[in-house]
Amino acid sequence: MKKISRRSFLTVCGAAAAAAALTACGGSASSASSTAASVSATASSAAEQAAGTLSGNVATGGSTSMKNVIAALTEGFAEVEPGVTVSYDPTGSGAGITGATDKTLDIGLSSRALKDEEKNDVDGTTVALDGIAIIVSKDSKVADLTVEQLKKMFTGEITNWKEVGGDDGEIVLVGREAGSGTRDGFESIVDVKDSCKYAQELTATGAVISAVEANPLAIGYASLSAVGDTVAMVTVEGVECSEDTVKDGSYKIQRPFVFVTNKSAALSEQAQAFVDFATSKDAADLIRTAGAVPVNE
């Protein structure tokens, strides 16, 4: 919640002191009553300011990986500006960037950095970092993989789990659809851009996790913020995917969570307030609770 500003607090205290002084000096009952009413009105105004004065909608959409982060930020922002509604349409990072570009969204959501050609029309503000976890079935014997092994697995050079220390069985590659920020981040970092031999290309983070959970021969990738205990996360070159390793850069497969806004159109007052809130130190714990790594604290 917003705190009453120092100015508002002093105004209230000053009015209250004036009322007390009038009473102590024998001021008339009507004067005291009038001053008390003024104190009450000032306090009420300060309270309204503390509760937030904005209204309207903020349209966001894009990355499905940012679902938990947006949910947490929206809940926290509602305590600051209860009159503002923040909507979220999980359509993928590419659609989020397009929405900001064509102004159908106030804020596009991208789980990858903007490309140079996209920066002509939109700006990107990083609100958090996210590790891209490599996930396998909980029954898998494979606990660690190198980036080079991942590259060979996802391009079809390594096709059997026994080649990387697992049981005999054909590797089933599960990934995201074209345009996904998670896919773009994974393929760019592992250097397998547009060369993966996916058995399944799915349109949401949750779908990838469910597919890997259901198949003991599957391997996939998903946002750290979305991975629960239904699958296992392998370490990459001996480093686990965690908040600390993402923040210090030791976990190699990571990407930013980005708010995308149109360069040629000013944000509405409520949209700007949401951006300011999301990038403030006050939002750090909310982002952390959602499983991502805050960049401002």
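Computed from heavy atoms alone, side chains included, the values below leave out hydrogens, waters and symmetry copies. Bear in mind that the values here come from a model prediction, so they are computed numbers and not experimental data.
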A.B. asks: Between the main-chain N or O of Val192 and the side-chain N or O of Ser195, is there a donor-acceptor pair closer than 3.5 Å?
C.D. replies: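 Pair found, side chain donor or acceptor close to backbone of Val192.
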A.B. asks: Between the side chain of Glu297 and the main-chain N/O of Lys281, is any donor-acceptor distance below 3.5 Å?
C.D. replies: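 No; zero donor-acceptor contacts below 3.5 Å.
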A.B. asks: Give a yes or no on this: more than 12 heavy atoms of other residues, nucleotides or ligands lie within 6.0 Å of atom CD of Glu75.
C.D. replies: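 Not buried by this count: 12 neighbours or fewer within 6.0 Å.
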A.B. asks: Does Lys193 NZ have over 12 foreign heavy atoms under 6.0 Å away?
C.D. replies: yes
A.B. asks: Look up atom CZ in Arg288 and atom CG in Asp285, then write down how far apart they are to the nearest 0.5 Å.
C.D. replies: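 Output value for this atom pair is 5.5 Å.
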A.B. asks: Sub-3.5 Å donor-acceptor pair from the side chain of Ser210 to the main-chain atoms of Ala207, do we have one?
C.D. replies: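 Flag not set: sc Ser210 to bb Ala207 has no pair under 3.5 Å.
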A.B. asks: Is there a donor-acceptor pair closer than 3.5 Å between any side-chain N or O of Gln270 and the backbone N or O of Gly56?
C.D. replies: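 Pair absent, no side-chain N/O of Gln270 close to backbone of Gly56.
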A.B. asks: Side chain of Glu163, backbone of Asn160: donor and acceptor closer than 3.5 Å?
C.D. replies: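 Checking the backbone N and O of Asn160 against the side chain of Glu163, a donor-acceptor pair under 3.5 Å is found.
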A.B. asks: Between Ser65 and Arg255, is the side chain to side chain donor-acceptor pair (under 3.5 Å) condition met? List the steps.
C.D. replies: CA-CA 11 Å; Ser65 298; Arg255 43 68 184 280; 3.3 Å; yes
A.B. asks: Is it true that Asp167 and Lys162 have a side-chain N and a carboxylate O under 4.0 angstrom from each other?
C.D. replies: no
A.B. asks: Tell me, do Thr74 and Tyr88 make a side-chain contact under 4.5 Å, heavy atoms counted?
C.D. replies: no
A.B. asks: Under the side chain to side chain donor-acceptor pair (under 3.5 Å) criterion, do Asn262 and Asp121 qualify, and how do the steps go?
C.D. replies: CA-CA 6 Å; Asn262 191 286; Asp121 300 310; over 6 Å; no
A.B. asks: Give a yes or no answer on whether the side chain of Glu187 reaches the backbone of Asp184 with a donor-acceptor pair at less than 3.5 Å.
C.D. replies: no
A.B. asks: Give the intermediate values and the outcome of side chain to side chain contact (heavy atoms under 4.5 Å, CB included) for residues Thr159 and Ile171.
C.D. replies: CA-CA 5 Å; Thr159 59; Ile171 296 170; 5.7 Å; no
A.B. asks: Given side chain to side chain contact (heavy atoms under 4.5 Å, CB included), test Tyr221 with Val208 step by step and report yes or no.
C.D. replies: CA-CA 7 Å; Tyr221 47 78; Val208 172; 5.7 Å; no
A.B. asks: Look only at the side chain of Thr245 and the backbone of Ser242, and say whether a donor-acceptor pair between them is shorter than 3.5 Å.
C.D. replies: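 Indeed, once roles are kept as given, a pair shorter than 3.5 Å links the two residues.
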A.B. asks: Looking at Val212 and Ser137, what are the two nearest heavy atoms and their distance?
C.D. replies: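 Val212 and Ser137 have their closest heavy atoms at CG1-N, 3.8 Å.
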A.B. asks: Do Asp130 and Ser223 pass the side chain to side chain donor-acceptor pair (under 3.5 Å) test, and can you show the C-alpha distance, the side-chain angles, and the key distance before you say yes or no?
C.D. replies: CA-CA 7 Å; Asp130 180 56; Ser223 167; 2.8 Å; yes
A.B. asks: Would you check if the side chain of Arg183 reaches a backbone N or O of Arg176 as a donor-acceptor pair within less than 3.5 Å?
C.D. replies: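 Side chain of Arg183 to backbone of Arg176: a pair is present.
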A.B. asks: Evaluate the ring planes of Tyr198 and Phe154, with Trp represented by its six-membered ring, and classify them as parallel (under 30°), tilted (30 to 60°) or perpendicular (over 60°).
C.D. replies: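 If you compare the ring of Tyr198 with that of Phe154, the planes turn out perpendicular.
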A.B. asks: Taking C-beta and beyond as the side chain, do Ile134 and Ile253 meet within less than 4.5 Å on heavy atoms?
C.D. replies: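 A side-chain contact under 4.5 Å exists here.
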A.B. asks: Heavy-atom count check: over 12 atoms from other residues, nucleotides or ligands less than 6.0 Å from Lys141 NZ?
C.D. replies: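 No, the 6.0 Å shell around NZ holds no more than 12 heavy atoms from other groups.
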A.B. asks: Taking atom CD as the centre, does Glu170 end up with more than 12 heavy-atom neighbours from other residues, nucleotides or ligands that are less than 6.0 angstrom away?
C.D. replies: no
A.B. asks: Please check: side-chain N/O of Asn296 versus main-chain N/O of Ser280, any donor-acceptor pairing under 3.5 Å?
C.D. replies: no
A.B. asks: Examine distances only and state if a side-chain atom of Thr98 and a backbone atom of Gly94 form a donor-acceptor pair shorter than 3.5 Å.
C.D. replies: yes
A.B. asks: Could you give me the CA-CA distance, side-chain angles and deciding distance for Lys197 and Glu157, then say whether salt bridge (charged side-chain N to carboxylate O under 4.0 Å, His left out) is met?
C.D. replies: CA-CA 10 Å; Lys197 308 298 183 182; Glu157 188 175 341; over 6 Å; no
A.B. asks: Can you tell whether the side chains of Lys247 and Asp244 come within less than 4.0 Å, N to carboxylate O?
C.D. replies: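 Looking at Asp244 together with Lys247, the answer is no, because their closest N to O distance does not fall below 4.0 Å.
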